[in-house]
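In what follows, every heavy atom counts, from backbone to side chain, and hydrogens, waters and symmetry copies are set aside. Below, chains carry the letters A, B, ... as their sequence lines are ordered, and counting in each starts from 1. What you see is a predicted model; the values in this text were computed from it and never measured.
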2 protein chains.
Amino acid sequence: MSHTPGVRQAQKQKTRQALLDAALQLLAEQSLSSLGLREVTRAVGVAPTAFYRHFRDTADLGVALVEEALNSLHTALTALLAATGERAGDDDGEERIAATVELIAAYVRAHPAHVRFIAREQHGGVQPVRAAIRGQLALFAQEVKEQFAREPEAAGWAEDDLLMLAGMYVDHMVMTASALMEAEGDPEAAARVTVTARRQLRLVSLGRRHWLDERPATP
Amino acid sequence: MSHTPGVRQAQKQKTRQALLDAALQLLAEQSLSSLGLREVTRAVGVAPTAFYRHFRDTADLGVALVEEALNSLHTALTALLAATGERAGDDDGEERIAATVELIAAYVRAHPAHVRFIAREQHGGVQPVRAAIRGQLALFAQEVKEQFAREPEAAGWAEDDLLMLAGMYVDHMVMTASALMEAEGDPEAAARVTVTARRQLRLVSLGRRHWLDERPATP
DNA sequence: AAACTCGGAGAACAGTTGTTAACTGCATGG
DNA sequence: CCATGCAGTTAACAACTGTTCTCCGAGTTT
């Protein structure tokens, strides 16, 4: 077993991941700004001082969690853009909307803790974490915008307006995911959230379709 | 001075308010779940045990803060509904939108700490506080819906759809207020947020206007 | 096979936390 | 005017926090 490079590094990343997992679990019932270093190490079963080998702060841990969470969300977003992109213009958008909401719901079912963390810390008490989330979500909006720009409905749209629209979709996605997670365990409430989310997307879609009516240029 | 009823009660509410104010200030750089009882009393200048005369918990303090914050927001909302209600249908809605965003901006300038608190604890780590905020915002949406129902544009709308629309406006208001607060001190960023908020409202307004096009009933 | 690296353990530190108990003094109601 | 109520104080408690320093032992390098 010895003299095989990588064993040490693998062990290190293993406990690092254990710290991240334990923290994410503890953050179900509190905010990052109240998460204690000792609390996390105790949950993992390592000495408090071991924490410093991986993170400077709990804030640093938080930034790492942002990357982990929004990486998984990015995977879901890519799937969503691919799935809805191929049926652009097929129908009045109703199927597209239903598919979008269903994909969000599936993501929430798969990663509820990540959704909770992002929703909570997006406006939370730790500045670096807020900044990290904002930056990643801006990147998402950029990707959505580029997908929109590829579609025929985007003809005549200003870049700014496309980005605004993409931002609305991203924000709406996060809010819907958060609402769905809060309704976990109550299928009726979850159904209500789903129906509302679909109607909201329909409203935005209608606005999008008439954006250029009698409007040669945006003021 | 003695035998004058109310002196004692007035003093009590005075320190109670001092506790609330100090807590709100401390919550600028942390979340409620990490706010310590001693921290608050120290900032006010009273003994830690005095806290218990007013609140059971810091969570209890948080619920009181929700009521205070959303009471001031309710005043602003009423003013906004009155101001925009009287010019319903006057123009294409552009002035109405600008007035709405300006009123939100004015509110943020007047009560930034309240806005920060609501945005932060809406998805925060303290369940009773989350529930209190959700309940109050639902009441706001109800009021907005009733205002909408009074306007001629609402003819033919289902109750559910009107509430959905009102909810979108309330959510958008909170998000815009939060974004404006985060941009405090940077006039350029604040201007960007304002412009984006106006465009988003315009998009929703367009969707609203075409909601009933070729749609006899909502599925 | 010896030298080195480095993730983790252990103990100790000064400070902080929430909560309890018994108290003080003043506004209050009879 | 006196007895009661009650906001706020003082002191003490066990428990917990983040951080430092020293040390160990197994993976890694030469």
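- The CZ-P distance, from A/Arg38 to C/dA14, rounds to 15 Å in whole Å.
- Atom CD of A/Gln17 and atom P of C/dG7 are 17 Å apart (whole Å).
- Nucleic acid contact for B/Arg16: none, since no nucleic acid atom lies under 4.0 Å from a heavy atom of the residue.
- The side chain of A/Arg8 has C/dG7 as its nearest neighbour among D/dG5, C/dG7, D/dA7.
- Per the geometry, CD belonging to A/Gln13 stands 17 Å off P belonging to D/dG27, to the nearest Å.
- Taking every side-chain heavy atom of A/Val7 into account, D/dG27 is the closest of D/dT19, C/dT19, D/dG27.
- Note on B/Glu182 versus A/Arg134: salt bridge recorded, some NZ/NE/NH1/NH2 to OD/OE distance being below 4.0 Å.
- Between A/Arg42 and the phosphate of D/dT17, there is a side-chain N or O to OP1/OP2 separation shorter than 4.0 Å.
- Although no hydrogens or angles enter the test, the distance criterion places no donor-acceptor pair under 3.5 Å between the side chain of A/Ser33 and the main chain of A/Val126.
- Side-chain proximity of B/Tyr52 to the nucleotides D/dT9, C/dT20, C/dT28 is greatest for C/dT20.
- For the pair B/Gln9 and B/Leu35, nearest-nucleotide mapping onto DNA chain C gives the more 5' position to B/Leu35.
- The nearest whole Å value for the distance from the CG atom in A/Leu37 to the P atom in C/dG8 is 14 Å.
- Rounded to whole angstrom, the span from the CD atom of A/Gln11 across to the P atom of C/dA9 amounts to 11 Å.
- A side-chain contact (heavy atoms from CB on, under 4.5 Å) with B/Thr100 is found for one member of B/Leu81, B/Thr84, B/Thr176 and no other, namely B/Thr84.
- OP1 and OP2 of D/dC21 both lie 4.0 Å or more from every side-chain N or O belonging to A/Thr49.
- The residue A/Ala50 sits close only to the backbone: its heavy atoms come under 4.0 Å of sugar-phosphate atoms, none of a base.
- Judged purely by distance below 3.5 Å, without hydrogens or angles, the side chains of B/Gln127 and A/Glu29 never pair a donor atom with an acceptor atom.
- The separation between B/Phe51 atom CZ and C/dT17 atom C1' is 13 Å, rounded to whole Å.
- Looking only at distances, a side-chain donor or acceptor of B/Asp60 sits under 3.5 Å from a matching main-chain atom of B/Arg56.
- For the pair B/Glu39 CD and D/dC16 C1', the interatomic distance rounds to 16 Å; values are reported in whole Å.
- Residue side chain B/Arg53 does not reach the base of D/dC6 through any donor-acceptor N/O pair under 3.5 Å, judged by distance alone.
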